[in-house]
Amino acid sequence: AYGGVVKLSPRGGFSYLGNQPSRESGLLDNNVRCIATGQDGTIWLGTRGGGLHEWKQGSPPQVREDFKMGKVQAIAITEDNRPIIGGLEGIFSQDANGRIVRLAGGALFIAALHREKGGGMWLGSQRDGVAYLPDAESPLPPIGFSDLQEKMANSRIRSFAEDAENLWIGSYAGVHR
């Protein structure tokens, strides 16, 4: 498939979801940058030019026009299945009243988000390196780790992964832990 999302089902083979002008449903943009799954089974898709899409089982994906970010670079999901999205414009989420709010003050160029089980959130910026929010849902400014930045070969962060003992940080200069 050229762009979009390909789903592999153990019983049904592959199926394709993308921008297909001849169909009523699909993605607004085939350049899918990130995918996250909520505890309720909802799949969240972030695209480079088509914004955030919400795909609930049994229905076609819906564009979340309330999130005004066109280039979604990262998605994390809250315990109650609300998306937190990051991109060039910063970090946004939906509060308990359904309003879209900016998180983490002036954090920009977000390329990676990693939500800890305890509720904290790691932010990876393409410009500012790594920051940490103790509570992923508070609109507090991020706490940067300048000593960590000095130890890293590059502060352009692209990804996070966590194992039993470490947080792995992927940058343009390799992997750090």
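Owing to the predicted nature of the structure, the values given are computational and were not obtained by experimental measurement.
- Side-chain contact between Arg102 and Ile91 is absent, with no heavy-atom pair separated by less than 4.5 Å.
- Phe67 approaches Ile85 most closely through the heavy-atom pair CD2-CD1, 3.4 Å.
- Side-chain atoms of Gln62 and His53 form no donor-acceptor pair, as typed in the model, at a separation below 3.5 Å.
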Carefully, step by step, assess Thr78 and Ile84 under the rule side chain to side chain contact (heavy atoms under 4.5 Å, CB included). CA-CA 7 Å; Thr78 65; Ile84 299 172; 3.7 Å; yes
Are Trp168 and Asp163 close enough, and set up right, to give a side chain to side chain contact (heavy atoms under 4.5 Å, CB included), and what steps lead you there? CA-CA 8 Å; Trp168 297 81; Asp163 64 21; 2.9 Å; yes
For the pair Glu54 and Thr42, evaluate side chain to side chain contact (heavy atoms under 4.5 Å, CB included) and give the outcome as yes or no after the intermediate values. CA-CA 7 Å; Glu54 180 180 14; Thr42 299; 3.6 Å; yes
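- Nearest heavy-atom pair across Leu52 and Pro83 is CD2-CG, 4.1 Å.
- Shortest non-hydrogen contact noted between Cys34 and Ala74 is SG-N, 3.5 Å.
- Atoms OG1 and CG, from Thr47 and Asn31 in turn, are 7.5 Å apart once rounded to the nearest 0.5 Å.
- The pair Arg177-Glu165 fails the salt-bridge criterion, with no side-chain N (NZ, NE, NH1 or NH2) lying under 4.0 Å from an Asp/Glu carboxylate O.
- Nearest heavy-atom pair across Arg82 and Ala96 is NH1-N, 3.8 Å.
- Considering all non-hydrogen atoms of both residues, Leu88 and Lys71 come closest at CD1-CD, 4.1 Å.
- Side-chain atoms of Gln126 come within 3.5 Å of backbone atoms of Ile157 as a donor-acceptor pair (strictly under, hydrogens ignored).
- Exactly one residue among Asp80, Ile77, Asn81 makes a side-chain contact (heavy atoms from CB on, under 4.5 Å) with Gln39. That residue is Asn81.
- In this structure, Leu108 and Arg127 have side chains that are in contact, with non-hydrogen atoms separated by less than 4.5 Å.
- Linking Ile, Leu, Val, Met, Phe, Trp and Tyr whenever their side-chain heavy atoms come within less than 4.5 Å leaves Val72 and Val63 in two separate clusters.
- Under the 4.5 Å side-chain criterion, counting only non-hydrogen atoms from C-beta, Pro60 is not in contact with Trp55.
- Of all non-hydrogen atoms in Gly90 and Met69, the two that sit nearest each other are O-CE, 3.5 Å.
- The only member of Leu123, Ile169, Leu167 that meets side-chain contact (heavy atoms from CB on, under 4.5 Å) when paired with Val130 is Ile169.
- Counting only heavy atoms from C-beta outward, the side chains of Ile35 and Ile75 never approach each other to under 4.5 Å.
- The backbone N or O of Ala111 sits less than 3.5 Å from a side-chain atom of Arg158, completing a donor-acceptor pair.
- Side chains of Lys56 and Asp40 form a contact here, defined as non-hydrogen atoms less than 4.5 Å apart.
- For the pair Thr37 (side chain) and Gly41 (backbone), a donor-acceptor distance under 3.5 Å is absent.
- One hydrophobic cluster, built from ILVMFWY side chains closer than 4.5 Å, cannot hold both Trp44 and Leu113; they sit in different ones.
- Gln94 and Arg64 form a side-chain donor-acceptor contact under 3.5 Å, judged by distance and modelled atom types alone.
- In this structure, Met121 and Phe160 have side chains that are not in contact, with every pair of non-hydrogen atoms separated by 4.5 Å or more.
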One pair to check against side chain to side chain contact (heavy atoms under 4.5 Å, CB included): Gln73 and Ile110. What are the steps and the verdict? CA-CA 7 Å; Gln73 299 284 93; Ile110 302 300; over 6 Å; no
